[in-house]
Every structure is written in structure tokens, then in C-alpha cells.
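Every chain is numbered from 1 and lettered A, B, ... according to where its sequence line falls, protein lines coming before strand lines.
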Protein chains: 2
Amino acid sequence: MTSIRGARERARIELTAAIKDEARRQLAAEGAAKLSLRAVARELGMASSAIYRYYPSRDELLTALIVDAYDAIGEAAESALAPAVAPTPSAPAAPSAPSTTRDLIACWVDVCRATRAWALAHPHEYALIYGSPVPGYSAPQTTTGPAARVAGALISLVREAHRTKGLAVPVLPAALRAEAERLAADVAPDLPPAVGIALATVWAQLFGLISFEVFGQFNRVVEERDAFFAHAAAGLAREVGLTGP
Amino acid sequence: MTSIRGARERARIELTAAIKDEARRQLAAEGAAKLSLRAVARELGMASSAIYRYYPSRDELLTALIVDAYDAIGEAAESALAPAVAPTPSAPAAPSAPSTTRDLIACWVDVCRATRAWALAHPHEYALIYGSPVPGYSAPQTTTGPAARVAGALISLVREAHRTKGLAVPVLPAALRAEAERLAADVAPDLPPAVGIALATVWAQLFGLISFEVFGQFNRVVEERDAFFAHAAAGLAREVGLTGP
DNA sequence: GTCTATACCCCGATAGAC
DNA sequence: GTCTATCGGGGTATAGAC
């Protein structure tokens, strides 16, 4: 009995995955706005009505794809920071870890590079999460956690730099003091408030660089994209306060 | 006779404008991917077939909207730089114009602010040009000119700074020397090559900041957006080499 | 949980009358 | 230049049999 229940559950899980795979294929072909449950079902050889047992509406499927994409790009970013920082903030690395400042800047660039590499390899899923909002769709709260993972990776690097005294705190105009306090309390209470502002800034700038490349704005403008990006990412590290050796 | 031809021409121009207006309304409601000639015609009270006399296909209408959007955001950017720099590069301002370096940084921030203000006021048209590419649509070459206007405004400011010795030329890694030469030859042969790389970088970063705000990525993260953006834009000015007083 | 059938909507594009 | 009519597709979502 448990085996039957297990088999059924397994079948359901596999079909759910197959639906998402096919949906991703359609995302690439037609874009998120035209993602259609019918077409997914057709391609999978099911009746259009059968798919509603798995996703009760088009928006639920879209949400699943968005969460998957945020998780995937977040995981790409996190895996690039493994050498320099403990993967889970809840299990702080032994403070004996000998990470030097030079390591941290290189690691910052690696995290940026890994994020960019995922985006270039999955342009349509990237567009789903960092491109134009899908008209008529509003992402539920469940997406905010996964959405924060790339930023979390960047923050953990800055935190590590702060711990090892490798962080130059940026200056801040008076008009942003209150905002900085609020932001720091939300995302990194252990860091100087000015760092939160700098992080939000370079966070948006990083995705500006990636989006311009993925969306084609650099076509016939920037050609040596790898070197260009690495240079820009190092600039962002400096801007956020990571200091070189 | 000329008056009849004139009247006909005027009617055609007015209807063309009405079609674009309605299409922009639909852009806001449904997104570019679902822009439909039929729906535009319906809303205008015409038969769906009549609209083909004005735009022979959906893509032609889309192209018209894209060109209009690039022109509008470009004009917004250019009008903010009027005080510091001659509007048309072909008519160089009298070199007596007493623009100081301080003026140029303030003007840079104003250009960024004007660009952002247009984007926030026209989010759907902004998404059309700086968001995800429209699936199945490929922009023709005619869009590249208007697309370069915002960047052109930024370049003209940097050129003015260079002319008045207010530009610090950024350092450049060896891996980017060739790319810098090529890029500079294309967009600003009169400026040091390293400046072209810096310009491309801050250009993408500027739109990263704007896109995050327009597309909602700053929701519940950055609240004091005006001050935050002004601070970031000033940072970009520094990054590109504009030096303060 | 899957199927067929159905109601009711949408689209791009063209033909041919007026 | 505008109309009606039409071709040939597409979609969401539900009802009810198996």
C-alpha cells in the first residue's frame, strides 16, 4: 500500500517536473506572456483539462517557474562563494578560515561571473525574473525568499570583509542616513548602515550589466564581453567598499 | 486641390497618431507580446482590416512604438543637458560658455534624473525598450539611431568635461586595451579610449538602477528612491571620470 | 486522474464589395 | 479607404463520462 502510494506520488512528481520543463521550453519560444497551459498539455500528449490537476491556473505555473529561476540563479551565485564564506549563515565557518582581502575581491568577481553565466545560459528564465513584469501577473510573497539569494551571497561576502577588517565604509549624504538605518536593520544589522545603501546600489548595477548583455543592448557596442564584465564587477567590489591588497 | 490633399494627409496623420495612442494604452494593459491590431481597431471603432492601411503588420506598429519611446526618453535626457552643453554636436557651443566642473556633475545627475523620471512616468513604454525582448520580434536597424540618444547625452557631457580638463581618465586592464580602442573609434574618437569603456559600464549601470525601480525590484527594499537615485547617479559620474570641484 | 465535448472568447491576415 | 465575411488558427476553463 505504501508502495502504491509511493508510486503514485512519484508519478505525480515526475509529471509536475515534466510540465515545468515543457513550460520552460515554451517560455523560450513564446515568452512568459504567452505561456499557455493548453500548449503545454498538447506537447505532453495530455488533454488540456488534465493539466489543471497539477496547476490550477496559468499563474500558479508561472509562479513555480519564477521560484525555480530565482533558486537556480541564487544557487549559481552561492556556489561561487563557497571557497571564501560558509554556505549557510546559520553555521558560521570556523573563524580560523584564512580568507584574505584579495580572496574576497576575487570571490566577489566570481559570484558576479557565476550569476552572469547562469543568465546567459538561461536568457528566457532570466527575463522572467529580471525583465519586464508579466502583464496581469503579480508575484505572491513566496517568491521573495528565493529572490533574495543572489543579494544574500553578495552580502555574505561584504560581511566577511567587515569581519576581517577589509571593508572601507563608504560616505553617505545626510539625506540618506535614515534610509540607511532602516535598510541595514532589514538586511544586515551587523554591518555599518552606509554599506546597505552601497549594496543596494551595486546590486542593481550588477543586474544592469547582465541585463544589457542578455537583452542585446550591448550588440555592436561591447564585444569583449567577458573581460568587460570582469572589469566592471571588480569596479562594483570597490564601490561597495571591498579594498584591494 | 492642394487643400483636399492636405486634408487627406492631415486625416491620415491624425489616425496614425490615434492608432499609436491606442496601442500604447494596450501596451500598458496587456504588454507588448499581446499587442493586437484587432483590438486597436476595435477600440477605435474601425474594422480590423482597415488598420492594415496604416500599419501593414503588427511588427511595424511595434517598431513605430519603439522608435517613439527611444526618441521620447532620449529627448528627456537631452533637454536636461541643455544648460551645460550645445544641444546639437554639429553646432558646437561657443567655447566661451563658462561651464565649470561642478556644473557638469550636477548636469550629469540631472540627465540621469530626467531619464529616470521619463521611465517612471512611462513604465510600459520603458519596458518595451529596456525590458525583455519581445518574443518573435526583431528590431530593425532604424531603431538604433533613436536608441543611442540617452547615451549620446551622457557622452556629450563627458566630452565637455574633457574639453575643460575636468575629466580623470580611468585606468584600464591590459585585456581591454584593444576593445577600448575599437569602442572609442565607434562612439567618441575625440576621447581617451579608456573613457569609452567607463561610459559603456555606467550606461548599463544607470539603466540597471532605473529598471530595478520601474520593475519593482526595489519594493520593500529601497524606499527613499529620489535621494537614493541621486546618490547613485553622482557615483556614476565619479566612476566615469567627472571630477568634483 | 484522464478523457471528450463544449461554451465562449481571442488573434493575424486576406478577398472582394462599395 | 473602409466595410463584411471568411479562413485557419489560438486560448481559458468547466461539465460529465469512465
Side-chain angles (χ1 to χ4, degrees), chain A residues 1 3-20 22-65 134-138, chain B residues 1 3-20 22-66 128 134-140:
Chain A
M1 193 170 177
S3 86
I4 287 178
R5 189 176 299 162
R8 275 189 189 155
E9 233 163 71
R10 215 175 317 124
R12 184 169 232 284
I13 288 171
E14 273 165 28
L15 231 183
T16 304
I19 289 171
K20 286 198 289 191
E22 178 54 37
R24 271 184 280 265
R25 227 163 293 143
Q26 285 200 26
L27 213 57
E30 301 287 348
K34 289 191 181 165
L35 176 64
S36 125
L37 290 182
R38 265 185 103 105
V40 170
R42 191 170 42 237
E43 222 62 29
L44 257 44
M46 332 165 55
S48 61
S49 53
I51 211 167
Y52 287 85
R53 298 280 167 184
Y54 295 85
Y55 291 99
S57 77
R58 198 198 75 123
D59 284 8
E60 305 268 341
L61 175 54
L62 213 44
T63 299
L65 296 178
V134 182
Y137 171 83
S138 159
Chain B
M1 191 171 180
S3 87
I4 287 178
R5 187 176 300 161
R8 275 188 189 156
E9 233 162 71
R10 215 174 318 122
R12 184 168 231 285
I13 288 171
E14 273 165 29
L15 231 183
T16 303
I19 288 170
K20 287 199 289 190
E22 178 54 35
R24 271 185 280 265
R25 227 163 294 145
Q26 284 199 26
L27 214 57
E30 301 287 348
K34 289 191 180 164
L35 175 64
S36 126
L37 291 182
R38 272 184 100 107
V40 170
R42 191 171 40 240
E43 222 62 28
L44 257 45
M46 337 165 53
S48 63
S49 52
I51 212 168
Y52 287 86
R53 298 279 167 185
Y54 295 85
Y55 291 99
S57 77
R58 198 199 75 123
D59 284 9
E60 304 269 340
L61 175 55
L62 213 44
T63 299
L65 296 178
I66 288 172
L128 183 63
V134 182
Y137 171 84
S138 161

For A:Arg53, salt bridge (Lys or Arg N to Asp or Glu O under 4.0 Å) partners two or more places apart: none

Could you list the residues that satisfy side chain to side chain contact (heavy atoms under 4.5 Å, CB included) with B:Tyr137, not counting sequence neighbours? B:Asp59, B:Leu62, B:Thr63, B:Ile66, B:Val134, B:Ala139, B:Pro140

Quick check on the helix from C:dG1-D:dC18 to C:dC18-D:dG1: what's the angle between its two end axes, five base pairs per end, to the nearest 10°? 10°

Heavy-atom pair of closest approach, residues B:Ser48 and B:Ala41: CA-CB, 3.6 Å

Compare every heavy atom of A:Leu44 with every heavy atom of A:Ile19, then report the nearest pair and how far apart it is. CG1-CD2, 3.7 Å

Below 4.0 angstrom, which residues in residues 42-54 of chain A have at least one non-hydrogen atom near DNA chain D? A:Arg42, A:Ser49, A:Tyr52

First and last nucleotide of DNA chain C in contact with chain B, 5' to 3', at under 4.0 Å to a heavy atom: what are they? C:dC11 to C:dA15

Side-chain atoms of residues 26-36 of chain A: list all donor-acceptor pairs with protein atoms under 3.5 Å, sequence neighbours left out, distances to 0.1 Å.
residue	atom	partner	partner atom	Å
A:Gln26	NE2	A:Ala39	O	3.4
A:Ser36	OG	A:Arg38	N	3.4
A:Ser36	OG	A:Ala39	N	2.9

Are B:Tyr55 and B:Lys20 side-chain neighbours, meaning at least one heavy-atom pair lies under 4.5 Å? yes

Do B:Val40 and B:Met46 have side chains that get closer than 4.5 Å, going by heavy atoms? no

Name the nucleic acid region contacted by B:Leu61, choosing base, sugar-phosphate or nothing; use a 4.0 angstrom heavy-atom cut-off, strictly under. nothing

With the threshold set at 4.0 Å, does a side-chain nitrogen-carboxylate oxygen contact exist between A:Arg12 and A:Glu9? no

From A:Glu60 CD over to A:Leu37 CG, what is the distance, rounded to the nearest 0.5 angstrom? 10.5 Å

If I take atom CZ from residue A:Arg8 and atom CD1 from residue A:Ile13, how far apart are they, to the nearest 0.5 angstrom? 14.5 Å

Whole-Å distance separating the NZ atom of B:Lys34 from the C1' atom of D:dG10: 12 Å

Whole-Å gap separating P (D:dG10) and CZ (B:Arg58): 17 Å

Assign each of B:Arg12 and A:Leu35 the nucleotide of DNA chain D bearing its closest heavy atom; nearer the 5' end lies the nucleotide of B:Arg12

